[in-house]
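Predicted model, so just to flag it, every value in this text is computed and none were measured.
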Protein chains: 2
Amino acid sequence: MVCEFGTNTGRGIPVKATESSYRLRIMDRRTELLKCAENVARRRGYDGFSYADLANDVGIRKASIHYHFPAKADLALALIERYADTFAAALAMIDSTSDIAADRLSAYVQMYRRALSGGNKLCLCVAFAISRDSLSPETLETLDKFHSDSIDWLRQNFELAVDDGSISGVDNPAVEATALLAMVEGAQLMARAAHRVADFDLATQLFLSRLGNP
Amino acid sequence: MVCEFGTNTGRGIPVKATESSYRLRIMDRRTELLKCAENVARRRGYDGFSYADLANDVGIRKASIHYHFPAKADLALALIERYADTFAAALAMIDSTSDIAADRLSAYVQMYRRALSGGNKLCLCVAFAISRDSLSPETLETLDKFHSDSIDWLRQNFELAVDDGSISGVDNPAVEATALLAMVEGAQLMARAAHRVADFDLATQLFLSRLGNP
DNA sequence: TGACACCTACCTACTGATAGGTAATCATAA
DNA sequence: TTATGATTACCTATCAGTAGGTAGGTGTCA
């Protein structure tokens with residue numbers, strides 16, 4: 001792994017040197033490529049973008065991307081791993097912020113809402129779910145693990161809700177967990193289809209109304 | 001539109017002539033292509049299949065498909081139109097079968113469950129939603145119309161539920177309609193991700209438990 | 001201190017495969 | 001004889017990926 005704030009010494013589109021010895025560049029190329037690829041994958045799916053698109057966006061040559069990610073499968077794996085890590089960190093943050101199930105699950109829904117980015121992006125795991133046939137077994141494994149980790153986290157918090165009573169009518173935490181994940185993913189899909197974030201709010205409002213009404 | 005039971009007169013992989021003058025062929029080529037394309041699009045998305053794949057599946061040459069659908073955009077439009085027609089007919093059938101909102105919405109959910117085909121296919125509109133950027137404006141328009149027609153049908157039946165009391169706790173039919181569509185689409189996505197139809201059942205069980213309990 | 005080996009991050013120029021699409025032609029049924 | 005629905009043979013553009021090269025930094029050892 002390249003140093004996060006390492007200096008850029010390559011040729012091509014060079015980093016502008018400042019008057020000081022520091023460089024302006026915030027991200028290393030690899031991270032920049034990952035961010036860019038995540039963006040486009042969440043808009044157009046895995047089969048919807050090419051190395052050429054990516055090269056154009058980032059401002060290097062197509063062949064140079066192969067230096068960072070030899071094959072597109074390597075990029076896909078790195079994408080889902082990075083995504084899973086970021087997601088896990090976000091869940092840990094939610095856990096540390098509140099001990100009340102309703103607050104945590106409300107934050108969870110809000111996280112999916114923010115991920116919409118105004119109605120034109122999906123959760124990476126939704127975008128990848130359609131392109132399963134194009135993904136490597138290793139990527140699929142990581143994707144499936146992300147999925148089951150999500151379900152586990154949700155189920156634990158619905159179990160918490162049974163104890164703390166912060167959500168009304170929770171009978172079966174496992175069922176609730178699956179239903180909520182389906183709901184937020186479906187809500188994203190609808191908002192993306194209509195390019196209208198309000199549709200996400202409509203679709204989730206029924207669940208959110210159960211929070212804080214024990 | 002070609003005659004549904006037309007004869008096949010082409011060369012190449014020919015239809016075997018029976019002893020009688022009738023042909024065994026059930027579908028005309030165009031319909032066969034549409035069925036096949038729908039199948040693969042619902043598995044891999046719009047960007048996930050090519051004319052070459054289709055030609056291989058149907059058993060004619062790639063160039064021959066262009067006779068039926070000059071451009072892939074024409075195929076996409078025909079796909080979504082056929083899909084919308086089939087869907088509308090299914091909703092009309094549901095309407096004619098029962099006057100009770102709970103029965104109708106239960107049948108609606110079951111329809112989405114059947115569409116899963118054992119956990120490896122999605123509703124065409126979900127598959128197309130991810131590939132929006134690759135679709136023509138005309139196809140997008142038809143897709144959006146399908147979407148709003150679905151919402152309308154659902155809202156009407158939740159309004160019916162308010163009157164006939166066959167579903168518990170219906171306060172806002174428009175909200176319920178959006179939430180249910182998000183739920184079934186998300187449930188499909190989850191079942192597809194895990195290749196497990198049971199996940200669809202888990203995700204929808206919460207809603208179905210409200211039916212018939214006024 | 002300088003020489004040398006090695007590393008990083010790019011580059012140009014290419015490959016074979018595949019994408020969607022076109023033109024001209026041919027066989028058969030009506 | 002004409003319409004239909006195929007065919008072969010091709011096109012151009014793009015796909016992921018490779019070969020080989022290069023500027024410039026870094027580590028090591030005499």
To the nearest angstrom, how far is [X] atom [atom1] from [N] atom [atom2]?
| X | N | atom1 | atom2 | answer |
| --- | --- | --- | --- | --- |
| A:Tyr51 | C:dA13 | OH | P | 22 Å |
| B:His68 | D:dA3 | NE2 | C1' | 14 Å |
| B:Asp53 | C:dA17 | CG | P | 17 Å |
| B:Leu54 | C:dA19 | CG | P | 11 Å |
| B:Arg29 | D:dA3 | CZ | P | 22 Å |
| B:Asp74 | C:dG20 | CG | P | 13 Å |
| B:Asp47 | C:dT18 | CG | P | 18 Å |
| A:Leu33 | C:dA9 | CG | P | 12 Å |

Counting side-chain heavy atoms from CB outward, which of [options] is closest to [X]?
| X | options | answer |
| --- | --- | --- |
| A:Ala63 | D:dA6, C:dT12, D:dG17 | C:dT12 |
| A:Lys62 | D:dG5, D:dA16, C:dA19 | D:dA16 |
| B:Ile60 | C:dA19, D:dT7, C:dC11 | D:dT7 |

Can you see if the side chain of [X] gets near the phosphate of [N] - specifically, an N or O under 4.0 Å from OP1 or OP2?
| X | N | answer |
| --- | --- | --- |
| B:Ser64 | D:dG5 | no |
| A:Tyr67 | C:dA9 | yes |
| B:Arg61 | D:dA6 | no |
| A:His66 | C:dC10 | no |

Inset, instruction - Evaluate the side chain to side chain contact (heavy atoms under 4.5 Å, CB included) criterion for residues A:Leu77 and A:Leu135: first the C-alpha distance (whole Å), next the side-chain angles of each, then the deciding distance (0.1 Å), finally the verdict. - result: CA-CA 9 Å; A:Leu77 182 59; A:Leu135 302 174; over 6 Å; no

Legend entry - Pair B:Ser134-B:Ser131, side-chain donor/acceptor within less than 3.5 Å: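 Not at all, the side chains of B:Ser134 and B:Ser131 share no donor-acceptor pair under 3.5 Å.
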
Inset, instruction - Answer yes or no: are there more than 12 heavy-atom neighbours, outside A:Gln110 itself, under 6.0 Å from its atom CD? - result: yes

Inset, instruction - Step through the shown structure and confirm whether more than 12 heavy atoms of other residues, nucleotides or ligands are within 6.0 Å of CZ on B:Arg43. - result: yes

Using a cut-off of 4.0 Å on non-hydrogen atoms, how would the nucleic acid contact of [X] be classed: base, sugar-phosphate, or nothing?
| X | result |
| --- | --- |
| A:Ala71 | sugar-phosphate |
| B:Phe49 | sugar-phosphate |
| B:Ser50 | sugar-phosphate |

Inset, instruction - With DNA chain D as reference, determine whether B:Ile65 or A:Pro70 sits nearer its 5' end, using the nearest nucleotide of each. - result: B:Ile65

Inset, instruction - Would you check, one step at a time, whether the test side chain to side chain contact (heavy atoms under 4.5 Å, CB included) holds for A:Tyr46 with B:Ile130? - result: CA-CA 10 Å; A:Tyr46 180 72; B:Ile130 281 87; over 6 Å; no

